[in-house]
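This chain uses plain numbering: 1 for the first residue, then up along the sequence. Excluded from the calculations below are hydrogen atoms, water molecules and symmetry mates; all remaining heavy atoms, backbone and side chain alike, are included.
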Amino acid sequence: MGAADDTRGGIEPPALRRGDWERTAASRAEVAAERIAAMVMDAEPGERLGTKEELRTTCGVSVGTFNETLRLLQSRGLVTVRPGPGGGLFAAEQSPMRRLGNSVLALDTHQPDDARAEEARRIRDALGPLLVEDALWHASPADVAELRRELTGLAKTAEESDPAAFAAADHQLRTRLAAISPNTLLRSLYATLLPLTEPDAVEQLQDRYEQHAALIDAIESRDRAKALELARLD
């Protein structure tokens, strides 16, 4: 074999482009950050997690990668760093709102796609009744008309048995429903979760469409019991 051949009898693999190895390094930093974040969630506020070197060794990353890991953790408010003897990384005090934000951020990292989608769907569905409650209070006739326009597109994709197109139309309908709420935090959190959920199966599309149609009817008629019942089934 020539000098360019590797020991596996093939062709010498192409060198990584700068963007490739930078993404690899970033990925390792993020994986390490999630590992330490899990330690933080199990620790008491102010509890010592270890020295930088101990944690770097535990995560199995280089000094440079661990520095990026530390930056990620600090930007999320998860750890504090104390110098000197007895120093190191400590679990930061977190407000309930910060803990909620970090839980959502964790959905978009290194979980398998199916696990991430299932967790996102569970949280999204838990928020649905809150959005419906706001819609019952705040939806104007113009809002209901907009929801019905979005519903028309949903009906078309259900008839065509197209899960991907149905998911896109469903996303638009849910986004329009969320826009009625005056709660900016609720709207933002719901919008973050929508792209992480997976499309419905083909056999579920018509039932899902009919459920959305019934929900809009209930919102228009201000039938709170029916609307919330449908929201919990979503």
Side-chain angles (χ1 to χ4, degrees), residues 1-124 126-127 184-185 187-198:
M1 287 186 285
D5 293 333
D6 66 13
T7 57
R8 287 171 290 187
I11 299 172
E12 181 180 1
L16 287 174
R17 295 185 296 272
R18 182 180 180 86
D20 294 330
W21 61 256
E22 283 182 340
R23 282 193 295 273
T24 301
S27 175
R28 289 173 180 165
E30 291 162 2
V31 170
E34 290 308 314
R35 184 168 184 175
I36 296 175
M39 296 170 62
V40 171
M41 295 305 162
D42 291 335
E44 293 295 325
E47 183 176 336
R48 187 173 183 271
L49 303 174
T51 66
K52 289 183 182 181
E53 184 58 25
E54 287 169 347
L55 293 169
R56 184 189 71 77
T57 301
T58 297
C59 294
V61 296
S62 68
V63 172
T65 298
F66 190 76
N67 287 338
E68 175 63 13
T69 294
L70 185 57
R71 186 190 68 77
L72 292 170
L73 291 166
Q74 289 178 307
S75 71
R76 290 169 58 182
L78 289 174
V79 302
T80 57
V81 181
R82 301 177 193 169
L89 270 66
F90 294 77
E93 181 76 44
Q94 295 183 68
S95 68
M97 289 302 297
R98 185 176 287 276
R99 284 186 179 274
L100 175 61
N102 286 328
S103 296
V104 174
L105 286 172
L107 289 173
D108 198 22
T109 53
H110 299 280
Q111 299 179 75
D113 286 345
D114 55 348
R116 181 180 63 175
E118 178 57 28
E119 289 189 17
R121 182 183 287 273
R122 287 181 62 198
I123 299 172
R124 184 203 70 183
L127 297 177
T184 55
L185 176 60
R187 293 199 310 266
S188 176
L189 184 56
Y190 194 76
T192 299
L193 295 168
L194 280 179
L196 300 179
T197 56
E198 292 185 335

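Between Arg56 and Val61, the closest heavy-atom pair is NH1-O, 2.7 Å. Counting all heavy atoms, side chain and backbone alike, Ala91 lies closest to Val40 at CB-CG1, 4.1 Å. When all heavy atoms of Leu78 and Ala37 are compared, the pair lying nearest together is CD1-CB, 3.7 Å. Closest approach of Leu72 and Glu30 over heavy atoms only: CD1-CG, 3.8 Å. Of all non-hydrogen atoms in Gly50 and Leu55, the two that sit nearest each other are O-CD1, 3.9 Å. Residues Leu49 and Ala43 share a closest heavy-atom pair of CD2-CB, 4.1 Å.
With a 4.5 Å cut-off on side-chain heavy atoms, Thr58 and Ile36 do not count as touching.
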### Message
Between Arg35 and Thr69, does the side chain to side chain contact (heavy atoms under 4.5 Å, CB included) criterion hold? Intermediate values first, please.
### Response
CA-CA 10 Å; Arg35 184 168 184 175; Thr69 294; over 6 Å; no

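Take Arg124 and apply the salt bridge (charged side-chain N to carboxylate O under 4.0 Å, His left out) test, not counting sequence neighbours, and it matches no residue. Listed by chain and number, the residues in a side-chain hydrogen bond (donor to acceptor under 3.5 Å, both in side chains) with Ser62 are Thr65 (sequence neighbours excluded).
Taken to the nearest 0.5 Å, the CG atom of Leu70 stands 9.5 Å off from the CD atom of Glu68.
Not a single donor-acceptor pair under 3.5 Å links the side chain of Ser188 to the backbone N or O of Leu185.
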